[in-house]
Amino acid sequence: MSSDHIVGIDLGTTNSLVAYMQGEAPAVIPGEDGLNLVPSVVALDEKNQVIVGNGARTYLIETPERAVYSVKRLMGRGVEDIREELKLFPFRLADDLQDGEVLRIKIGERTYTPPEISALVLRQLKRNADRFFGEPVTKAVITVPAYFNDAQRQATKDAGRIAGLDVLRLVNEPTAASLAYGLDKNKHGIVAVYDLGGGTFDISILKLHDGIFEVVATNGDTHLGGDDIDNLLITIALDDIRGDLGLDVRRSGEAVQRIRKAVIEAKIALSSQASVKLDVELPGGKRYQREITRKAFEQLLQPIIDRTVGPCKQALKDAGLKPEQIDEVVLVGGSTRIPKVRQLVQDLFGRTPHTDLNPDEVVALGAAVQANILGGGSDVTKEMLLLDVTPLSLGIEVAGGVTDKIILRNSTIPASATQYYTTQVDGQTNVAIHVLQGERELARDCRSLARFDLKGIPPMPAGMPRIEVKFLIDANGIMHVSAREQRSGKEAEIDVQPSYGLTDEQVENMLLASFDYAEEDFRQRQVIEARREAETILAALAKGKKNEAWPELTSEERRKIETLEKALAEVKDGDDYQAIRNAIDALNQGTMRLAELMMDSAVSTALKGKAMDDTGIEEGQQAGHPVAKADFE
Ligand code: ADP
Ligand code: MG
């Protein structure tokens, strides 16, 4: 047997865990303290040694400036994106942070990016697994929320790499939870995954076909979870203490922390008991004691858990489903241990949810199942290999040799996306569709997958055709590309196999290259786009000079336009982006009145009922690449 253990990791907002396949069933790997959950908290001690998990929690209380938590909220996000989080969480950003720069968080005197902090949590999990197996573990599957975008997924992968893990795959958390319950073996059906954790609520609707999970809708609340219940109980306790004992301990950090610890214990106990006794010794010797019944507790938390109903209904609506169409309901997240929450979910979906597995472990267990599949572990699971995301972006070449991405890297498959394009020159009847794979900005730096032509477009002025390019990656990983000119109905299509022949190493190299060259690519793309814009303007001006509006300008105006025209023609083939840009802007400015006059005459032509064929547009010779066009009339 190979010593290549592949582990499954749930990198959570509140807690993280690592699991592996123990024979036929997945199991969680405990830490040195014997506990399965590793709190996603990182602290630096006085000697700047990193402490992760339960040990770091004490720092959160005693020296909060030396600890961070909930870093998952910041993964793959920019300074501008996280204003909301900063209002609610005591994240301390690095002082010298510029707008647009990668976020850095201060812990003590040091600063770390969110992936670096997550990597510290991952490294702790890796260490637990290394100790468990008695040898280093290097490969992992990591879970991410289904709604995570490309940047957030990339940041998670980066965290894995920083921690010394080869991240074989990112799996959506609800998919992992479904896998843990073996729901993939049903082959077909609709699964609702209700995930109420420490600080976030997610509802996902998955469609299962041929053993593949497709996320059809997600919704939730990024600030709703067990923390809200804790805070409510703390507030009540503080009020009680003031009323009954005449003490105001709201400003005593130590008292509040003792109360927090006690109410969390009480909350957890109430998930399995009918009542619990709160007993907190306050600094100064007084005691706060109170009996809480489950009934009273349930009344208190009702408004909190009711906030999950709206997102569930919205997700069903977005998926176009009625509650009775849901076949399976899966509970995820520690807070779904609360019986009242289970009841609510059952009422909402009219189905008894799966509860056999620990809700705070189920995602990691599913990640271990996926890890086992990737390791070629068992025959039954082999056919599910395609539970996958696209490793690289897919797109087409557009005018100027630029790549236009249509399906982004790490999209779950099956996936489909549509983009609209138009032609570059008047009378263009052929459009060359060049299908590309890769992250680079320029077509020549990406991998060419296929070429085909969309032919027989009736001659129209440049910019008039509306070409719909549709990409679809089916459950078998086969890519299907079609192009259709919507005004004439002409279409062409092709099947391509994107991953064929591309090794992981090549994928890796392409990814690395895209980081190395990102800046250079960007500059080149800018120049190409400006050049293209210049050509379009010059062509339009050439047409304008033949228009009946041209003689209506004063000779002074015409001379000025021609000077600007010459200036643009001179710089447009150079590499100086700013010079091209300035010349374009100047010419645009200078031809404003001409454009207005032309517009008037075009409107009057249209009113006279001239047909398209009479516009003097001839059939072009050129079969160019399409031009990206975001919005049509
Ligand atoms: P996350 O996915 O956000 O990392 P978890 O799924 O581990 O978090 O859920 C953590 C939350 O679950 C905490 O608020 C914790 O207090 C709560 N929790 C754990 N066990 C119970 C229980 N038995 N009853 C009620 N709440 C619980
Ligand atoms: Mg979770």
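Numbers for residues simply follow the sequence, beginning at 1. In each ligand, atom 1 is the first atom listed, and ligand 1 is the first ligand listed.
- The protein heavy-atom contact nearest to atom 3 (O) of ligand 1 is Thr14 OG1, 2.8 Å.
- Atom 24 (N) of ligand 1 has as its closest protein heavy atom Ser271 OG, 2.7 Å.
- When only non-hydrogen protein atoms are considered, atom 15 (C) of ligand 1 lies nearest to Lys267 NZ, 3.7 Å.
- Of the polar atoms of Gly333, none of the N or O atoms is found under 3.5 Å from an N or O of ligand 1, judged by distance alone.
- Under the 3.5 Å distance criterion, the side-chain polar atoms of Ser40 are matched with a main-chain donor or acceptor of Gly12.
- A salt bridge does not link Glu62 to Arg57: none of the charged nitrogens lies less than 4.0 Å from a carboxylate oxygen.
- Using modelled atom types, one finds no donor on one side chain facing an acceptor on the other under 3.5 Å when comparing Tyr194 with Thr336.
- The protein atom (non-hydrogen) at minimum distance from atom 2 (O) of ligand 1 is Gly197 CA, 4.2 Å.
- The ligand atoms of ligand 1 that sit less than 4.0 angstrom from a heavy atom of Gly12 are 4 (O).
- Side-chain atoms of Arg73 and His223 include a donor-acceptor pair closer than 3.5 Å.
- Annotation: atom 13 (C) of ligand 1 to nearest protein heavy atom, Gly198 CA, 3.9 Å.
- Residue, atom and distance of the protein heavy atom nearest to atom 7 (O) of ligand 1 are Asn15 ND2, 2.8 Å.
- Between the side chains of Gln49 and Asp45, no donor-acceptor pair is found at a separation under 3.5 Å.
- Side-chain atoms of Asn372 do not come within 3.5 Å of backbone N or O of Ala368 as any donor-acceptor pair.
- For Glu32, the CD atom sits in a loose shell: 12 or fewer heavy atoms of surrounding residues, nucleotides or ligands are nearer than 6.0 Å.
- In Ser335, the parts holding a heavy atom less than 4.0 Å from any atom of ligand 1 are both the side chain and the backbone.
- Less than 4.0 angstrom separates some heavy atom of Asp360 from each of these atoms of ligand 1: 6 (O), 7 (O).
- A side-chain contact (heavy atoms from CB on, under 4.5 Å) with Pro30 holds for exactly one of Leu35, Asn36, Leu37; it is Asn36.
- The protein heavy-atom contact nearest to atom 21 (C) of ligand 1 is Gly334 O, 3.5 Å.
- Scanning the protein for heavy atoms near atom 20 (N) of ligand 1, the closest one is Arg337 NH1, 3.5 Å.
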